[in-house]
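Notes for the one structure printed next.
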Amino acid sequence: MAKASAPGKVILVGEHFVVENQPAIAAALNLRARVLAEVLSGDFRVEVESKNLSQKAVFQREKANKESPLYPIYYAALMTLEYIGLQKPLKIFIDSEIPPAAGMGSSASVAVATVAATAAELGVKLTLEEVSRLAYQAEVIVHGKPSGIDNTIATFGGAIAYRKSEGFIRLEADFTPVALILADSGIPRSTGEMVRRVRALKEKYPRIMDPLYHAAGHLAIEAGKAIEEGDWKRLGELMNVNHGLLSAVQVSNRVIEELVYAAREAGALGAKITGAGGGGNIVALTWKEDGRKVADALRKISRKVYVCDVSAEGVRIEG
Ligand code: MEV
């Protein structure tokens, strides 16, 4: 039996625009998805069980049910088995602290931890690049055309600037003066569907949308500098501008706006949608000492509020 875990994430700036090759910035959170892999005896199959979803399913190649919410997890394990070249029957058990469909990278973290646990159970050591690449293949199954930022941050941890065509660079940052507060809108949504809608809007109005995408790219570069310089006020301001750009591409709604404005009015340095929008979570950046005040204000209108730290650690094999 082998265990692995991977962190959830927050996109600080640049979601959606990153799908069209603009830079974006993500940070790993101290919430983790834990996955246990165990080789079984008997015929080839992958048994997947998720504690959080209270679901179990057995997958066997052609007979595998693609509609099952557990299918991407099976697919991550299968990709790993095929890559390694060993077709062993397997059990995968998931226990995750990361809420699903909430913009916190749950599916990517589970995929990354599944790849790592599967390889470890088979006694194979994969590089981090290999883990991230295999998890990306499972992300394609879930989201259609992901940028790759979610599996990258879940694998490598810390804070990164990411660009689809170039990969990522690590940001040298000390997040200790600030807190990240996430508040759930209570509206679930599909990342794949939101990405499709935003791309359709871009294709319909290219002359309006192209400059907006370029602005988002410049914003991400500026935000990366602010993070490395520890200029949190500037980062907050840029997050607010980024939220405006995300509203412009129609991924906000009334509930999200209420959360964003409540956070700003309670003293957040900046607040915005994080992830695909349309629901999910907002993220607020606050001074550490203001974290509780902002969290309390958000608790009045959100059922789930998380006060998070940035986690330096990416995927890890658990001892
Ligand atoms: C999802 O966490 C972020 C999006 O930009 C999609 C992607 O990058 O694949 C909305």
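Counting convention: from 1, in listed order, for ligands and their atoms alike.
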**Q.** Pi-cation contact, Tyr261 with Arg264 (under 6.0 Å, within 45°)
**A.** yes
Q: Could you list the atoms of ligand 1 found under 4.0 angstrom from a heavy atom of Ile11?
A: 2 (O), 3 (C)
**Q.** 4.5 Å side-chain heavy-atom contact, Met194 and Val198
**A.** no
Q) Are Gly105 and ligand 1 in contact, using a heavy-atom cut-off of under 4.0 Å? A) no
Q) Within 45° of the axis and under 6.0 Å from the centre of the six-membered ring of Phe44, does NZ or CZ of Arg61 qualify? A) yes
(Q) Would you say NZ of Lys164 has more than 12 non-hydrogen atoms from neighbouring residues, nucleotides or ligands within 6.0 angstrom? (A) yes
(Q) Test your reading of the structure: does Lys145 have an N or O sitting under 3.5 Å from an N or O of ligand 1? (A) no
Q) Counting both backbone and side chain atoms, is some N or O of Glu15 under 3.5 Å from an N or O of ligand 1? A) no
Q) Does His16 come within less than 4.0 angstrom of ligand 1, counting non-hydrogen atoms of the residue? A) yes
**Q.** Protein contact to atom 1 (C) of ligand 1 [nearest heavy atom, distance to 0.1 Å]
**A.** Asp150 OD2, 3.7 Å
Q: For Ser147, take its heavy atoms, then give the atoms of ligand 1 lying under 4.0 Å from any of them.
A: 7 (C), 8 (O), 9 (O)
Q: Could you tell me which atoms of ligand 1, counted from 1 in the order shown, lie closer than 4.0 angstrom to a heavy atom of Val18?
A: 5 (O), 8 (O)
Q: With heavy atoms only and a cut-off of under 4.0 Å, state how Lys9 meets ligand 1: side chain, backbone, both or neither.
A: side chain
Q | Ile256-Val305 co-clustered via ILVMFWY side chain contacts under 4.5 Å | A | yes
Q. Relative to the ring of Phe175, is the ring of Trp232 parallel (under 30°), tilted (30 to 60°) or perpendicular (over 60°)?
A. tilted
Q. Does the pair Arg303/Asp184 count as a salt bridge with the N-to-O cut at 4.0 Å?
A. no
Q | Per-atom contacts of ligand 1 with Pro146, taking only distances under 4.0 Å to non-hydrogen atoms | A | 9 (O)
(Q) I'd like to know if Met194 contacts ligand 1, where contact means a heavy-atom distance under 4.0 Å to any ligand atom. (A) no
**Q.** Ile149: numbered ligand 1 atoms lying under 4.0 Å from its heavy atoms
**A.** 8 (O)
Q: Could you label the plane-to-plane angle of the Tyr213 and Phe17 rings as parallel, tilted or perpendicular, counting under 30° as parallel and over 60° as perpendicular?
A: perpendicular
